[in-house]
Amino acid sequence: MSGDTPSKKVKRFTETDRTTDFDAATQKALEEIDICQNEIDSINEKASEEILKVEQKYNQLRKPFFVKRNQIISSIPNFWVTAITNHPDLSALLDDAEEDCLHHLTKLEVEEFEDIKSGYWIKFYFDENPYFENAVLTKEYHLGCATPTSESSQIIWKEGCSLAPNAENVRGRKRRHEPSKTFFGWFNDNVDPYTDDIAEVIKDDLWLNPLQYYLVPDVEGEGENGLEPEDSSSSDIDDGADDEENKCTSK
């Protein structure tokens, strides 16, 4: 699965270029190079069209194996949260409450549109959980228009359990991020979908081979005897954050 990379615009040989102070032999050579470049660009455009057709064909061939893989994954408890927390880019997004929330994630799906240049969607399926009412959260990317857009499901948070990033929710979390750098901050951020690195990581890395991340041992941050070191300087704040989180996790 891969998106189509726009071809670079090559500066064409113009009349102004022809009046530049070149000797006759150089001028003739430059014009011949320009003709060759036009032919190369034409072939590249045809190649891009053929590559898209091949991608579409193999997307269809892969689809039943993605379905079968998800069916098998469903028999492994906490598969997706383990793969995500072991992923170096995605784990950096998660605070403690979000990681707890993702323990209720039962299935992940990514699918490109039939015209793969036009976009794709990512779906997160959840068991009933103490955080929100939605069974499925979808983020959809429309990249084939002049101004790319994305849209996210509206999350129906349960009372007192919102993980939406704002000043009140972010304050005191054990792992501190800018609001847009948390998982749900990313999910709700639709400002610039064309530069959404997290979506690209999910689509082109995690989704294609989650097993490699599920099997990575989670040893980062462990101290002696496998215990995570505590930061005593922030213990009072953390206790307050834990109290807020426990109101949801204990339901």
d(F184 CZ, L137 CG) to nearest 0.5 Å is 6.5 Å
Going by an N to O cut-off under 4.0 Å, is there a salt bridge joining K28 and E32?
-> yes
Does I156 reach the side chain of N134, with side-chain heavy atoms less than 4.5 Å apart?
-> yes
Does the ring center of F124 lie less than 6.0 Å from the ring center of F183?
-> yes
Student check: side-chain heavy atoms of D96 and D100 closer than 4.5 Å = no
Can you name the residues that form a side-chain hydrogen bond (donor to acceptor under 3.5 Å, both in side chains) with N129, not counting sequence neighbours?
-> none
The side-chain hydrogen bond (donor to acceptor under 3.5 Å, both in side chains) partners of K123 (sequence neighbours excluded) come to none
Side-chain heavy atoms of Q212 within contact of D205, under 4.5 Å = yes
W121, F66, Y120 screened by ring pair (Phe, Tyr, Trp, His ring centres under 6.0 Å) with W207, the one that passes = F66
Rest of the hydrophobic cluster containing Y125 (Ile/Leu/Val/Met/Phe/Trp/Tyr, side-chain heavy atoms under 4.5 Å)?
-> V136
Are I76 and L211 connected in the hydrophobic side-chain network, where two residues link if heavy atoms are under 4.5 Å apart?
-> yes
Just checking, is any N or O donor in the side chain of N188 or S152 under 3.5 Å from an acceptor N or O on the other one?
-> no
Do I72 and K68 have side-chain heavy atoms sitting under 4.5 Å apart?
-> yes
Which heavy-atom pair separates H104 from P130 by the least distance, and what is that distance?
-> NE2-CD, 3.6 Å
Y131-F126 aromatic ring centre distance below 6.0 Å = no
Considering all heavy atoms, the nearest T85-L94 contact | CG2-CD1, 3.6 Å
Kindly give the heavy-atom pair with the smallest separation between A83 and L206, and that separation in Å.
-> CB-CD1, 4.0 Å
Only one of C161, C101, S153 clears side chain to side chain contact (heavy atoms under 4.5 Å, CB included) with F132; which?
-> C101
With the side chain counted from C-beta on, respond yes when N38 and D34 share a heavy-atom pair under 4.5 Å apart, and no when they do not.
-> yes
Qualifying residues under salt bridge (Lys or Arg N to Asp or Glu O under 4.0 Å), relative to E151, sequence neighbours excluded = none
Taking 4.0 angstrom as the limit, do E49 and K46 come out as a salt bridge?
-> no
How about I84 and L108: do any of their side-chain heavy atoms sit closer than 4.5 Å?
-> no
Minimum heavy-atom distance I202-W186, with the two atoms named | CD1-CH2, 3.7 Å
Examine L215 and W80 and state if one hydrophobic cluster contains both, with Ile, Leu, Val, Met, Phe, Trp and Tyr joined whenever side-chain heavy atoms are less than 4.5 Å apart.
-> yes
Let me know which of R62, K63, K57 forms a side chain to side chain contact (heavy atoms under 4.5 Å, CB included) with N59.
-> R62
Over all atoms of both residues, closest heavy-atom pair of V216 and N86 | O-ND2, 2.6 Å
Does a side-chain heavy-atom distance below 4.5 Å link V67 with Q71?
-> yes
For R69 against L208, the heavy-atom pair lying closest together | NH1-O, 3.3 Å
Partners passing salt bridge (Lys or Arg N to Asp or Glu O under 4.0 Å) against E39 (at least two apart in sequence or in another chain) = none
Would you check if I73 and Y214 make a side-chain contact, meaning some heavy-atom pair closer than 4.5 Å?
-> no
Using a side-chain heavy atom cutoff under 4.5 Å and only I, L, V, M, F, W and Y, what cluster partners does I35 have?
-> none
